[in-house]
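A short write-up of the structure that comes next.
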Amino acid sequence: MAENVKATEAKSIELPANLTVRELAEAIEASPIQIIKTLMSNGVMANINQHIDFDTAAVVAAEMGYEATLLKVDELESKPVGEVPLWRQLIANEDKKNLKPRAPVVTILGHVDHGKTTLLDAIRQTSVVNEEAGGITQHIGAYQASHKERLITFLDTPGHAAFTAMRSRGAQGADVVILVVAADDGVMPQTKEALAHARAARVPIVVALTKVDRPNANPELVKKQLADNGLIPDEWDGDTIVVPVSAKQKVGLEDLLEAILLVADNTEILANPAGEVIGTVIEGERDPSRGVIATLLVQNGSLKMGDTVVVGTAYGRLRAMFDFAGKKIEEAGPSTPASVLGLNDVPVAGEPFRVVENEREARNLVAERAEKEKADKNSPVGALTLESMFEAFQAGHVRELRLIVKADVQGSLEPIVSSLEAMKSKDKEGEIGVHVLHTGTGNISESDIQLAGASKAIVMGFNVVADGPAQRKAEKEGVSIRLYDIIYRMTEDVEKALKGMLKPELKERVIGKAEVLQVFKISRYGKIAGCRVTEGELRRGAFLRIYRDKTLVYEGELTSLKHEKDDVKEVKTGFECGINLKDFDDFKEKDVIECYVRELVAAQ
Ligand code: GDP
């Protein structure tokens, strides 16, 4: 009896406003073929990757025994995807009645030369308020434009750098991304990367189709390319607003601002102006005459003159504040960029800042952080690897395995991506799936690593290699790269990772060798070995073994490394360096030093 009831009752399911046939199939646990057939019987021809709207999806779902309701945007946003930025958490905890609308924060991404800078300048010239005519245009990394008496904050360092810096520090500052695509050039590799960044950060996108004044502009073709990448233009019943603009002729700029406000109005862009003051560093520099100047974007609360601010391990009392036009201000509320004087050190862009009670509290906080930084340095890096993935799932840090997939040819990319995306696993918290953030053909590049670093993703390559700069960046940022030449092995590893079966092994890798040329005695330090690096590099924080006539005389950590008089992180082949160890100083000329790192690698 109970069985019967179950079979006739429609199961309820929440679906987004737009989804692909494949996503619908997954959501209602049907095969994509079934979905395609049902769509066909309803007169809709669609392939597996095609986007369908909610109404269509709901009809299909109903035929398969599901009652679909529309998934609200804020629920979508509150889904655990990596860490929620500190300031968003804070706003979420504010009393709802204190929350007020704030200006949307917009960032511009897109392929090089597609017109990002020109567009930012054009908007600034036409729509910026309270900038004195003929005044010097200040570039503090952000400005505010106005449209229909509403403000929009633009982060005006175009390109990935600023956005990625924010994201990799968990700030995710922007509320809307403008994806710039030149109408005469179309979707290019960096357009796709930018799209992947925006999607991974779950920030809504408005497309600015730039350079429409160019004679060879082909907006229709570009719209088709956008649709192929999942950005269906609104005029084709999709939900991506595509605004044709010519920054050169200043055409379409108002429409673009209108579109930004429209998108912004669909998401709740709120903050408590009277709440705790928190925000993100946009830029920081040291000015020879004025000291440290930092641009801060306030995200909650109101920053005031005389406030004590802490950013990372820098702090100070604000002794001057200016708006983006260089005008002195006393206070900056949510979504306002302010350039400030008074910090004792240059803060890092993308880092969160907060206001504390007084300088003593600031000093305590900074001391605590400095301690923690030191401790973090001494413990192995917590980089995300396929092997450590399952622990991260268990700890609730991540709920999906994010991948960037590169392959030699398009033909191999498609089957790889579809088989990876189909993989899932369940644990006590629910389902863990694979989210392929970005795909491409060709070798793994620096920008793949940048995307992976900021998105906490793993890079997988099939029949490709990582180029030199990419390898170096990956090592520096702790991004894990996996290379394969058999598809089966790739999917097998991902499957094992999802089930926590891929236990890492600690392995040693020799990264360099050196020879002791001379031994010095310095009263303050004891003995120092003057060496020349003969192979690879010596790296501070790595481990070393000292051999004398092939016999091991010491093994330990390389704690201090100098080049001439400076402390350095690494010294490469052909260069000389000084080594001083805490618990060993019995160096002899001609000793051979082997430098190695310990890393977690896949169990074979
Ligand atoms: P970015 O690298 O994306 O910041 O691109 P830029 O803003 O530097 O623009 C690249 C080139 O395209 C420059 O030579 C601009 O003058 C030109 N450009 C930008 N926008 C337009 C436009 O709307 N129309 C035309 N004809 N040229 C443009």
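Since this is a predicted model, take the numbers as computed values, not measurements. Both ligands and their constituent atoms are indexed starting at 1 by order of listing.
- For the residue pair T56 and D53, a side-chain donor N or O sits within less than 3.5 Å of a side-chain acceptor on the partner.
- Here K211 has heavy atoms under 4.0 Å from ligand 1 in both its backbone and its side chain.
- Ligand 1 lies nowhere less than 4.0 angstrom from a heavy atom belonging to Q249.
- Atom numbering of ligand 1 starts at 1 in the shown order; those under 4.0 Å from a heavy atom of A247 are 22 (C), 23 (O).
- In this structure, T210 has no heavy atom closer than 4.0 Å to ligand 1.
- In summary, the aromatic rings of F154 and Y143 are positioned with their centroids under 6.0 Å apart.
- For the 3.5 Å distance criterion, the side chains of E94 and N300 qualify, holding a donor opposite an acceptor.
- Inspection of the H438 and E193 side chains reveals no N or O donor paired with an N or O acceptor under 3.5 Å.
- When the shell of 6.0 Å around CZ of R539 is examined, it contains more than 12 heavy atoms from other residues, nucleotides or ligands.
- Short contacts between ligand 1 and H111, defined as distances under 4.0 Å to a heavy atom of the residue, involve ligand atoms 3 (O).
- For V212, no nitrogen or oxygen atom sits less than 3.5 Å from a nitrogen or oxygen atom of ligand 1, counting backbone and side chain alike.
- Not a single heavy atom of G110 lies less than 4.0 angstrom from ligand 1.
- Atoms of ligand 1 found under 4.0 Å from any heavy atom of H114 (numbered from 1 in listed order, with element): 3 (O), 5 (O).
- Checked by atom type, the side-chain pair D185/H111 shows no donor-acceptor distance below 3.5 Å.
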